[in-house]
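Chain letters run A, B, ... following the sequence lines, proteins first and then strands; every chain starts at 1. The shown structure was predicted, so the numbers you read here are calculated from the model rather than taken from an experiment.
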Amino acid sequence: MKVDRIKGFRDQYPEDMEPRKKMFSKAETTAELFGFGKIDYPSLEYLDLYRIKSGDELLSQTFSFTDRGGREVTMLPEATPSTVRLLTARKDIPRPVRWYSLPKIWRYEEPQSGRLREHFQFNADIFGVDTPEADAEIINLAGSILSNLGLKSAFEIHINDRVMMDGILKILEIENTERVFTIIDRFRKTSREEFLTLLKENGVSGKGADILLKIVDSPFEIQDLKSKISEINGKSGVLNDRIERLSKTCEIVRSYGSARIVVDFSVIRGISYYTGIVFEAFDSMGQFRSILGGGRYDNLARLMSNQDIPAVGFGMGDVVLELLMKREQVWADNRKESSYAICSMGNTGKYSTEVARKLRENGIVCIDELSSRGLSQQIRSAESQGYRYVLIIGEREKERGTVTLRDLQESSQSEKDLDDLIRNAKKYQEF
RNA sequence: GCCGGGGUGGGGUAGUGGGCAUCCUUGGGGACUGUGGAUCCCCGGACCCGGGUUCAAUUCCCGGUCCCGGCCCCA
């Protein structure tokens with residue numbers, strides 16, 4: 001009998017969940033502050049939902065099975081199709097629609113750094129507006145979440161525009177667009193020589209390959225965009241519209257101030273359904289894979305329902321984010337540092353129960369002594385469980401209606417009025 | 001699906017072709033009855049699984065599995 005944890009899945013203990021809860025609640029609170037509403041959907045969908053826009057490659061990486069009713073179903077491999085299904089199922093929702101969700105998603109692939117077979121993915125989308133303002137808003141939300149997690153200086157947003165890339169390839173007379181996109185997408189993993197060779201093998205001229213290498217090579221500031229591609233854009237200026245739009249998006253993000261943003265022509269986001277900007281957030285040391293990614297996808301609703309609904313959104317998994325938060329030392333369980341362990345002695349049972357009730361009524365976390373050990377063992381136990389504060393309650397305190405507060409970290413101690421303690425203690429919501 | 005490196009109690013380790021295995025830590029219990037968050041005592045707990053070689057395998061070989069990392073892919 002196999003009873004172990006399944007490969008690529010995680011068990012979560014309280015010390016894991018505490019910082020994870022904080023991560024999620026920061027993301028959700030930030031989305032709420034932007035006026036986004038939370039949605040949810042089943043963890044199981046018809047496999048057909050993903051056949052609409054995906055190839056066999058995706059289908060081979062799903063947890064799929066035939067259920068007892070003969071239906072081909074699959075555990076959610078991504079959030080967007082379900083989100084769009086919820087939207088197209090209702091035609092009465094006023095636009096723009098701002099939605100977020102936090103599902104678990106699954107994919108059957110080999111686990112490695114930053115990738116597991118099951119993870120949480122925070123998603124946010126804006127439907128119904130096709131403007132650079134909407135593009136910027138979704139990036140601002142993404143940036144604000146990361147900033148609110150204490151990662152302000154630890155990441156940057158890399159942005160690109162698929163339409164502009166299409167235009168560039170067209171000007172360079174490159175026909176094999178999909179294949180060349182894939183090569184560009186893998187640029188950061190290949191050497192320059194390899195990159196040039198691959199391009200030439202796929203029908204790109206020597207000059208075209210050189211130009212591509214030049215623009216893809218490293219991210220740059222938005223104000224340099226025009227000069228960076230002047231050689232391609234030339235006098236015709238066919239790319240001017242896209243340059244202007246991308247500039248506007250970046251300017252809004254920049255003035256909002258939640259994230260540093262750079263243009264990165266190597267950000268392509270696979271061979272998916274994007275129809276405008278695409279973006280990813282990377283840790284600024286370049287140590288991990290992308291923290292989050294998204295873009296504009298104006299055609300998906302039509303593919304699913306024959307409705308034209310412009311859309312822009314992003315998804316953010318919890319795995320890479322956890323790695324980054326640990327590196328930046330903002331992945332911590334602070335809860336016990338501001339909660340109380342009650343140590344009671346003698347015939348004070350009723351009084352210490354009353355103290356516990358009053359603390360909890362005031363939103364203060366405390367644990368009661370459940371056994372009848374000596375004081376030293378109670379203190380030892382509280383210390384080993386990570387509690388910073390101990391409330392000693394004995395006959396003396398009972399008589400005076402006080403508690404003795406011992407700070408295990410400072411090794412200091414004083415007798416406190418209960419009301420006084422309640423006033424100065426940290427409430428659960430403030431952790 | 002493919003490639004590389006690993007696998008000794010919950011965590012970290014020592015060690016060996018031959019007495020069911022070292023130490024630290026953690027966990028449980030006790031002494032201890034208002035500060036011992038100490039100290040002392042006791043206890044529990046491991047060689048990933050299967051096959052092979054061998055008189056004998058935790059140790060050597062093969063396969064699997066899981067973990068770590070990489071590729072493919074990234075929806």
Side-chain angles (χ1 to χ4, degrees), chain A residues 1-11 13 15 45 47 49-64 74-84 105-117 119 121 123 181-182 185-186 189-190 267-274 278 280 287-290 292-295 297 300 313-315 317 319-320 323 341 343-348 369 371-398 403-415:
Chain A
M1 266 223 295
K2 279 191 166 181
V3 294
D4 295 329
R5 178 165 36 81
I6 292 176
K7 173 179 176 173
F9 287 69
R10 294 173 288 183
D11 292 326
Y13 292 88
E15 63 266 31
E45 296 273 14
L47 188 55
L49 184 62
Y50 307 99
R51 289 203 166 106
I52 293 172
K53 64 173 188 67
S54 317
D56 294 340
E57 185 65 45
L58 173 119
L59 301 178
S60 73
Q61 288 187 17
T62 56
F63 278 89
S64 301
T74 185
M75 309 290 287
L76 285 203
E78 57 166 324
T80 308
S82 300
T83 305
V84 173
I105 73 167
W106 295 268
R107 45 191 180 198
Y108 198 98
E109 61 181 348
E110 288 309 309
Q112 51 191 289
S113 180
R115 320 188 70 164
L116 298 168
R117 289 185 169 181
H119 65 94
Q121 191 178 83
N123 291 270
F181 271 173
T182 308
D185 195 43
R186 284 211 305 257
K189 286 183 175 179
T190 33
V267 170
I268 295 288
R269 308 262 317 138
I271 40 167
S272 58
Y273 47 81
Y274 291 106
V278 285
E280 297 189 38
Q287 186 181 353
F288 307 119
R289 33 182 109 238
S290 70
L292 58 86
Y297 54 102
L300 189 57
F314 75 93
V319 183
V320 175
L323 292 174
C343 300
S344 50
M345 296 159 301
N347 189 22
T348 53
E369 174 59 29
S371 63
S372 50
R373 300 174 284 189
L375 178 62
S376 62
Q377 284 204 35
Q378 293 185 41
I379 293 175
R380 184 199 297 174
S381 165
E383 204 265 340
S384 73
Q385 285 181 73
Y387 285 88
R388 175 171 176 181
Y389 299 111
V390 160
L391 295 179
I392 298 166
I393 296 174
E395 306 276 355
R396 290 206 292 270
E397 286 82 1
K398 183 185 176 184
V403 293
T404 295
L405 171 66
R406 183 165 179 81
D407 182 337
L408 296 179
Q409 196 171 301
E410 301 285 327
S411 291
S412 61
Q413 179 172 316
S414 60
E415 196 168 339

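Taking atom P on both B:C32 and B:G27, the two are 22 Å apart, rounded to the nearest angstrom. Comparing the same atom, P, in B:G7 and in B:G44 gives a spacing of 28 Å after rounding to whole Å. With C1' as the reference atom, B:G1 and B:C62 are 22 Å apart, rounded to whole Å. B:A56 and B:C71 have their P atoms separated by 45 Å, given to the nearest Å. Rounded to whole Å, the separation between the C1' atoms of B:C20 and B:G28 comes to 24 Å. The gap from the P atom of B:G50 to that of B:U13 amounts to 26 Å, rounded to the nearest Å. Rounded to the nearest Å, the gap between the C1' atom of B:A14 and that of B:C24 is 11 Å. Using P as the reference atom, B:U53 and B:C47 are 24 Å apart when rounded to the nearest Å.
A donor-acceptor pair shorter than 3.5 Å can be found between the side chains of A:Gln385 and A:Ser381. A:Glu397 and A:Thr404 share a donor-acceptor pair across their side chains, judged by distance under 3.5 Å alone.
Put simply, the side chain of A:Leu76 reaches to within 4.5 Å of the side chain of A:Glu45, judged on heavy atoms.
Shown here is A:Phe9, whose CZ atom has more than 12 heavy atoms of other residues, nucleotides or ligands within 6.0 Å.
Spacing between atom CG of A:Asp4 and atom C1' of B:G64 amounts to 14 Å, rounded to whole angstrom units. When rounded to the nearest whole Å, the span between CD1 of A:Ile105 and P of B:C73 equals 18 Å. For A:Gln378 and B:U33, the CD to C1' distance is 11 Å, given to the nearest whole Å. Atom CZ in A:Arg373 sits roughly 15 Å away from atom C1' in B:A31 (whole-Å rounding). Between A:Glu109 atom CD and B:C74 atom P the separation is 11 Å, expressed in whole Å. Taking atom NZ of A:Lys7 as the reference point, atom P of B:G69 lies 13 Å away to the nearest angstrom. Straight-line distance from the CD atom of A:Gln121 to the C1' atom of B:C74: 11 Å, rounded to whole Å. In this entry the distance linking CZ of A:Arg117 with P of B:C73 reads 18 Å, nearest Å.
At the heavy-atom level, A:Arg186 lies under 4.0 Å from the strands shown only through sugar-phosphate atoms.
For the pair A:Lys189 and B:C71, the criterion of a side-chain N or O lying under 4.0 Å from OP1 or OP2 is met.
A salt bridge does not link A:Arg289 to A:Glu280: none of the charged side-chain nitrogens sits closer than 4.0 Å to a carboxylate oxygen.
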What string of B, S and - do you get for nucleotides 35-48 of chain B 5' to 3' if you count protein non-hydrogen atoms under 4.0 Å? BSBSB---------
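The residue among A:Arg269 and A:Gly394 whose nearest nucleotide of RNA chain B lies closer to the 5′ end is A:Gly394. Each of A:Arg107 and A:Gly8 was matched to the nucleotide of RNA chain B holding its nearest heavy atom; the match closer to the 5' end belongs to A:Gly8.
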Go through the steps to decide whether A:Leu49 and A:Ser82 satisfy the test side chain to side chain contact (heavy atoms under 4.5 Å, CB included), and finish with yes or no. CA-CA 8 Å; A:Leu49 184 62; A:Ser82 300; 4.0 Å; yes
Kindly determine whether A:Arg388 and A:Asp407 satisfy salt bridge (Lys or Arg N to Asp or Glu O under 4.0 Å), including the steps that lead there. CA-CA 6 Å; A:Arg388 175 171 176 181; A:Asp407 182 337; 3.0 Å; yes
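Between A:Arg117 and A:Glu109, the shortest heavy-atom contact is NE-O, 2.7 Å. Heavy atoms only, all atoms of each residue included: A:Gly114 and A:Val320 are closest at O-CG2, 3.7 Å.
If you check distances only, the side chain of A:Arg115 does reach the base of B:C74 with a donor-acceptor pair under 3.5 Å.
With a cut-off of 3.5 Å on both Watson-Crick or G-U wobble distances, the partner of B:G19 is given as none. Nucleotide B:U39 forms a pair with B:A31, judged by Watson-Crick or G-U wobble geometry with both contacts under 3.5 Å. Within the shown strands, B:C62 is the pairing partner of B:G50 under the Watson-Crick or G-U definition, both distances less than 3.5 Å.
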